[in-house]
Number of protein chains: 2
Amino acid sequence: MTDTGHHHKIIDISSVKQACSGCSLQQLCLPLGINGDDLQRLDALIKRHRPLTRGHHVFHLGDEFRALYAIRCGSVKTYTITEDGSEQITGFHLPGEIIGLDAINSNRHPCGAKALETTSVCDIPFNRLEELALLIPDLGRQLLRIMSREIQADEELLTLLGKKSAEERLASLLLSLSKRFQQRGFSPREFRLSMSRNDIGNYLGLAVETVSRLFTRFQQQGLIEVQNKYIRLQNMEQLQEITGLGACGKTQLAEG
Amino acid sequence: MTDTGHHHKIIDISSVKQACSGCSLQQLCLPLGINGDDLQRLDALIKRHRPLTRGHHVFHLGDEFRALYAIRCGSVKTYTITEDGSEQITGFHLPGEIIGLDAINSNRHPCGAKALETTSVCDIPFNRLEELALLIPDLGRQLLRIMSREIQADEELLTLLGKKSAEERLASLLLSLSKRFQQRGFSPREFRLSMSRNDIGNYLGLAVETVSRLFTRFQQQGLIEVQNKYIRLQNMEQLQEITGLGACGKTQLAEG
DNA sequence: CGGTCCCTTGATATTCATCAATATCAGTGG
DNA sequence: CCACTGATATTGATGAATATCAAGGGACCG
């Protein structure tokens with residue numbers, strides 16, 4: 001069950017009608033490489049809902065799997081619940097990204113997806129997508145590519161959590177967000193962190209306090225400028241360096 | 001490039017000829033849900049090589065992507081190299097599992113795959129698999145399921161690395177291996193760890209020494225019995241408990 | 001049997017989590 | 001508009017978990 005049914009007030013006709021063919025995210029999303037009639041057919045099966053407000057779910061953990069969701073605008077976090085009841089965030093997702101892929105196997109969503117801000121998603125019924133993929137080979141290929149990309153991204157995150165220090169983790173996240181904002185036509189140097197410090201810590205496997213201290217330290221070092229949720233990356237080269245520097249000589253960063 | 005070309009000595013006709021239809025791993029592997037003529041067609045495109053010996057690669061990091069590989073017997077580790085040159089193991093893979101899925105997106109293998117012991121794999125050319133998947137819907141579905149399962153597994157590992165203590169991590173790995181051996185018809189209580197302590201530590205994000213100490217401690221607590229590479233799980237219930245217990249009251253385990 | 005690699009064990013160092021206190025922010029209602 | 005409330009963020013002090021360093025012991029392989 002999604003939460004969408006509960007909000008009858010806001011109806012944004014323009015967004016409801018927007019189709020893949022007019023969507024600026026085409027090149028990042030499922031339609032990549034698909035044109036003309038094929039794109040129309042894909043378009044036809046996608047439902048576009050009214051926006052979800054912050055805190056509402058795209059889908060809940062354990063929900064039956066019926067559709068994949070492409071994020072149109074806003075942002076979403078996906079998370080699982082561990083045996084002891086605590087939350088582990090598995091990803092932050094930006095427009096053009098597709099979530100729900102991990103549910104195909106078990107037919108249930110093994111993670112929940114919650115809007116971090118006002119967000120709208122495209123609802124892509126999986127049964128019909130599968131059928132269509134048999135008719136449009138390029139669509140099937142793109143679906144496999146997207147899943148492959150997701151596996152790759154998870155593997156990178158594994159390396160992050162397995163091997164990297166707190167500094168490296170935060171620097172990696174900031175640069176990852178930066179790159180993704182840039183791909184979407186936003187500034188790579190200045191953006192809003194839609195997730196809380198808590199979420200960041202959770203995602204990176206760090207305590208909130210550690211995240212907070214890192215923001216402070218990075219700011220003191222002139223690497224970034226933070227103002228609540230807004231952040232500007234002042235020295236991306238050095239952030240990049242921190243990312244890959246391993247455990248060695250971290251304190252030297254302030255000098256070099 | 002695989003290493004297979006270098007070993008001309010051993011030719012095991014019986015294994016070269018073994019087809020999916022006679023393979024005990026059918027139910028875990030790509031052929032799941034595929035029968036009769038369809039299975040024959042799948043069979044026809046799979047190449048079965050002579051075994052790789054310990055340390056040889058199924059594929060190297062950066063290799064061009066041409067095929068997926070199903071493990072027939074033995075075991076394999078997959079790993080990436082971080083910017084600073086160190087290795088991060090992303091998975092240990094047992095018979096019936098399919099590796100190489102993360103290469104579909106970029107057309108290059110973003111990780112390497114190395115045999116942990118004498119291992120043979122089935123070589124599944126991806127182009128032909130894709131074609132066949134269009135003709136056999138069940139095959140396409142199974143492929144998506146397998147990829148979805150992989151994403152799910154990675155997400156679980158993320159939780160492990162992000163939130164769990166050293167004890168929890170090792171217990172989780174042991175139980176995961178146990179479960180997978182059981183699915184493959186081996187004893188869940190007693191098996192050989194084909195990977196080194198180093199590999200285990202690397203995979204779990206721990207130092208070798210920590211892993212070693214944990215083995216010792218678990219043994220002292222009567223949870224396991226280790227003899228070099230061989231391990232017996234004496235108290236799986238308690239291991240399971242450690243897995244989920246969170247950060248609280250770890251020392252109580254020895255008493256309770 | 002000798003060499004090398006891998007594993008184990010102990011002592012010490014470091015990073016980061018935890019605890020606790022304060023500060024800031026976003027709503028809410030007076 | 002301002003005081004109040006709860007959530008979120010920052011900052012400092014302390015401690016615990018685990019890495020690192022160093023050395024010895026055992027297994028495997030020619």
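The figures here come from the full heavy-atom set of this structure, side chains too, leaving out hydrogens, waters and symmetry mates. Here is the naming used below: chain letters follow the sequence lines, and residue numbers restart at 1 for every chain.
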*Asks:* Does D/dA17 have its OP1 or OP2 closer than 4.0 Å to a side-chain nitrogen or oxygen of B/Thr210?
*Replies:* no
*Asks:* Tell me the interatomic distance from A/Phe215, atom CZ, to C/dC16, atom P, rounded to whole angstroms.
*Replies:* 15 Å
*Asks:* Which part of the nucleic acid, if any, lies within reach of A/Ala166 when heavy atoms closer than 4.0 Å are counted: base, sugar-phosphate only, or nothing?
*Replies:* sugar-phosphate
*Asks:* Which distance, rounded to the nearest 0.5 Å, do you find between the CG of B/Leu116 and the OG of B/Ser196?
*Replies:* 8.0 Å
*Asks:* Within the modelled atom types, does a donor on one side and an acceptor on the other bring the side chain of B/Glu209 and the base of D/dC21 under 3.5 Å apart?
*Replies:* yes
*Asks:* Please check if the distance between the ring centroids of A/Tyr203 and A/Phe92 is under 6.0 Å.
*Replies:* yes
*Asks:* If I take atom CG in residue A/Asn202 and atom C1' in nucleotide D/dT8, what distance separates them, rounded to the nearest angstrom?
*Replies:* 15 Å
*Asks:* A/Ser196 side chain: which of D/dA9, C/dC16, C/dC7 is closest?
*Replies:* D/dA9
*Asks:* Please list all pairs meeting salt bridge (Lys or Arg N to Asp or Glu O under 4.0 Å) that have one or both residues in residues 194-223 of chain B, counting only residues at least two apart or in different chains.
*Replies:* B/Lys77-B/Asp199, B/Glu167-B/Arg217
*Asks:* Between the main-chain N or O of A/Pro188 and the side-chain N or O of A/Ser178, is there a donor-acceptor pair closer than 3.5 Å?
*Replies:* yes
*Asks:* Rounding to an integer number of Å, can you tell me how far B/Lys164 NZ sits from C/dA17 P?
*Replies:* 17 Å
*Asks:* What's the CZ-C1' distance between A/Arg169 and C/dT15, to the nearest Å?
*Replies:* 11 Å
*Asks:* Is the distance from the ring center of B/Phe59 to that of B/Tyr69 below 6.0 Å?
*Replies:* yes
*Asks:* Given atom OH of A/Tyr230 and atom C1' of D/dA9, what is their separation to the nearest angstrom?
*Replies:* 17 Å
*Asks:* Within less than 4.0 Å of OP1 or OP2 of D/dT11, is there a side-chain N or O belonging to A/Thr216?
*Replies:* yes
*Asks:* Taking 4.0 angstrom as the limit, do A/Glu97 and A/Arg149 come out as a salt bridge?
*Replies:* no
*Asks:* Can you tell me how far C1' of C/dC6 sits from CD1 of B/Ile200, to the nearest Å?
*Replies:* 12 Å
*Asks:* What nucleotide, of C/dT8, C/dC16, D/dT20, holds the atom closest to the side chain of B/Arg197?
*Replies:* C/dT8
*Asks:* A/Lys163 has an atom NZ; how far is it from atom C1' of D/dT18, in whole Å?
*Replies:* 14 Å
*Asks:* Taking B/Leu94's backbone N and O only, do any of them form a donor-acceptor pair with B/Ser75's side chain (distance below 3.5 Å, no angle check)?
*Replies:* no
*Asks:* Between A/Asn228 and B/Asp199, just flag the one whose closest nucleotide in DNA chain C comes earlier from the 5' side.
*Replies:* B/Asp199
*Asks:* May I ask you to evaluate whether A/Arg213 reaches the phosphate of C/dC16, defined as a side-chain N or O under 4.0 Å from OP1 or OP2?
*Replies:* no
*Asks:* Taking any heavy-atom pair under 4.0 Å as a contact, classify B/Gly205: base, sugar-phosphate, or nothing.
*Replies:* sugar-phosphate
*Asks:* Note down the inter-axis angle between the two ends of the helix from C/dT8-D/dA23 to C/dG30-D/dC1, five pairs each, to the nearest 10°.
*Replies:* 40°
*Asks:* Could you state the CD-C1' distance from B/Glu168 to D/dA16, rounded to the nearest angstrom?
*Replies:* 15 Å
